[in-house]
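Chain letters run A, B, ... following the sequence lines, proteins first and then strands; every chain starts at 1.
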Number of protein chains: 2
Amino acid sequence: MVTIRDVAKAAGVSLTTVSRAYNPKAVIRQSTRERILKLAHEMGYVPNLSARSLVTNQKFVLGVFFSNLRSGTPETFLSTVINSVYEVLPDDYLLSVNDIAHLSNFEARVQMRMAGVLVVSQSPDDDAFIQRLAQAQIPTVVINRDLEDPLSYNVCSDDRLGVYKAMQYLAQAGHQRVGMIAGLPSYTSAHQRRQGFDDGVADFGLTRVDAAMRPGNYSAQAGRKQMQAILDLPSDQRPTAVICADDDTAVGALRACYQAGVSVPAGMSVVGFDDSIYAAMSVPALTTVKKPIVQMATAGIAKLLALIAGEVDTVVHKEVIAPSLIVRESVLDRHK
Amino acid sequence: MVTIRDVAKAAGVSLTTVSRAYNPKAVIRQSTRERILKLAHEMGYVPNLSARSLVTNQKFVLGVFFSNLRSGTPETFLSTVINSVYEVLPDDYLLSVNDIAHLSNFEARVQMRMAGVLVVSQSPDDDAFIQRLAQAQIPTVVINRDLEDPLSYNVCSDDRLGVYKAMQYLAQAGHQRVGMIAGLPSYTSAHQRRQGFDDGVADFGLTRVDAAMRPGNYSAQAGRKQMQAILDLPSDQRPTAVICADDDTAVGALRACYQAGVSVPAGMSVVGFDDSIYAAMSVPALTTVKKPIVQMATAGIAKLLALIAGEVDTVVHKEVIAPSLIVRESVLDRHK
DNA sequence: ATGAAAGCGCTAACAG
DNA sequence: CTGTTAGCGCTTTCAT
């Protein structure tokens, strides 16, 4: 293993000079730096980060935490977020992927070793963890969930607006009677999506079909069961379109329609939320609100890197990104 | 920050003794060890791994590499593999997720810092990377792909057998005329799956419909296009069932049927491969061969940990796991 | 069974 | 602009 000493000897300078060559803001003659860097590279020298960490206390791992990797994390999140992180990750940093629900040894894994943490949060269950990060003074950015009382930087999407846009689209497509299969009441996003629904009904003069306002839990099972209940309604009492709290719910709803022999969108229109990978794959392909996960991840990681670099920004604590509507096949245009 | 010195002082022993308390195989009186460990814990002492690494050269990061996180990695792989790793990961290890196709700085990220690497390989493109790991003497296990000439431990699934099982099922369900939409010819798995098809045709007396033997590339687009071509055949020249090289292809095939007004499975049976997350979600739900990803990951990580621990095993270099058939709705039972 | 001392590879004052 | 020196927190001989 070639160390800084070997390089120093070969270059005919002291350890310190070599060390400085690797430190961008050290004062050193440009020509010496170049000469050393070139030589070091030829010799196959790679700085030992353990040694550096030991003296500087710097860390070279960036942590990404998901609420629960075993269930509930939309699969697209994982790869999308990881990719976004790598876009901008300094090339001596490692990216560690973790699961809040099953984390053990916070001290050794997180506190001692992570330069910063990006939390992709799905639920308030993560609050204890987020608080712990704050206490440990670890630079943290929370994305995906709207933090009520932000202890950390927070980048989230405007879910209310997303559903509102879907409602507008429904109205324009000539729908009048609408229903909704909701999300888990304990989730902030569920309320925001419901709010978008209510605002849409009010602003676009739609009719809320109370018997078609159903509870749900972000699962396909619930989506199926609740859509069955809606389809059990006499056809003149049914809504012509149903907004689902997420794509899983919507896919379940699609299945219920299929099994009941109701064609989508001819007999029932369905709208999802998230734009998960199977939204485009489903039959029919799902019209859905695309959660701006790429934008949240990109903005979040940029902020995190700035925090780590010490560029503190005490003003902006929350950033809200607008989602967009992806029109596919599951909503009928009643004007045609 | 509390260091080993502080603990030593508080316990009235030397640094060395505290260090020994943390080293399972050091000679130290049991009662002293317990006393020290308890005290250290109370004081909030956490061993500094940078310092330990510096002297022992041990590493405390386990790397998981995927062929390409931006495309081609079935989404389920990611979370499944990560979960399997955490099942057994020692709690002072970090898990780092990486992308072979976009890896930079091998030396600093991998060579200097990873105790071992689990490669979830999709294609021969990864061979250069695998070779590099071998050269760098990094404990490595490659899963998911059948390595022709294993430089590393290799855990893969018997894809031939998987398709063969599907063929058997088709035969039992009364199908006679069969076709296939294949995978990328450059992939070993494509050949193995094709072999399973051919073996199935031979052993179960099925009829291979040559006009329905189509190329593919593991994408829904290809699946759709190729199924369209199959559906363009006069109905008496069509196969009654088509095996797809993977679930993406199968989902595309499902769409083609839907658009052509051919109902699945009544008018056409479709079988996938992988058991990806949308296999259960599709309409109709896909009958498919489940790739034993959990088993591969579990076996692979166990082997990797053994390698890291220095328990070398020069005999077994490859482990092959049998996949299973998941019966859902996309195959017609022609006996009914 | 325990302690003293040396040193892992590097950075950070402090001099020059 | 460059070199000398003193550690960072820990493990490891070598004594005792």
Specify the separation, in whole Å, of atom [atom1] of [X] and atom [atom2] of [N].
| X | N | atom1 | atom2 | result |
| --- | --- | --- | --- | --- |
| B:K25 | C:dA1 | NZ | C1' | 19 Å |
| B:F60 | D:dC10 | CZ | C1' | 11 Å |
| B:N57 | D:dT12 | CG | P | 11 Å |
| B:I4 | D:dC10 | CD1 | P | 5 Å |
| B:R33 | C:dA1 | CZ | C1' | 12 Å |
| A:M112 | D:dC10 | CE | P | 7 Å |
| A:L54 | C:dT11 | CG | C1' | 10 Å |
| B:N48 | C:dC10 | CG | P | 16 Å |

Within the 4.0 Å heavy-atom criterion, would you say [X] contacts the bases, only the backbone, or no part of the nucleic acid?
| X | result |
| --- | --- |
| A:T17 | sugar-phosphate |
| B:T32 | sugar-phosphate |
| A:T3 | sugar-phosphate |
| A:Y45 | sugar-phosphate |

Query raised in the report: Which residue, B:E42, B:E34, B:H41, forms the side chain to side chain donor-acceptor pair (under 3.5 Å) with B:K38?
Result: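 Result: among B:E42, B:E34, B:H41, B:E42 is the only option passing the side chain to side chain donor-acceptor pair (under 3.5 Å) with B:K38.
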Requested in this report: Among B:N154, B:D127, B:D126, find the residue that satisfies the side chain to side chain donor-acceptor pair (under 3.5 Å) test when tested with B:R145.
Outcome: B:D127
What's the closest nucleotide to the side chain of [X] if the choices are [options]?
| X | options | answer |
| --- | --- | --- |
| A:V27 | D:dT11, D:dC1, C:dT11 | D:dC1 |
| A:V55 | C:dA1, C:dA12, D:dT11 | C:dA12 |
| A:S14 | C:dA1, C:dG9, D:dT4 | D:dT4 |

Report task. Step through the shown structure and confirm whether more than 12 heavy atoms of other residues, nucleotides or ligands are within 6.0 Å of CD on A:Q137. Result -> no
Query raised in the report: If you round to the nearest 0.5 Å, how far is OH of A:Y187 from CG of A:D125?
Result: 6.0 Å
Report summary line: To the nearest 0.5 Å, atom CG of A:N23 lies from atom OG1 of A:T56 at 10.0 Å
Requested in this report: Record whether the side chain of A:T16 comes under 3.5 Å of the base of D:dT4 through a donor-acceptor pair of N or O atoms.
Outcome: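 Looking at the base of D:dT4, it does pair with a donor or acceptor on the side chain of A:T16 (distance under 3.5 Å).
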Report task. Report the residue (A:Q30 or A:L15) whose heavy-atom-nearest nucleotide on DNA chain D is the more 5′ of the two. Result ->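 Taking each residue's closest nucleotide, the earlier one in sequence belongs to A:Q30.
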Query raised in the report: Is B:R52 near enough to D:dT11 that one of its side-chain N or O atoms lies under 4.0 angstrom from OP1 or OP2?
Result: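 Checking D:dT11 against B:R52, a side-chain N or O does come within under 4.0 Å of OP1 or OP2.
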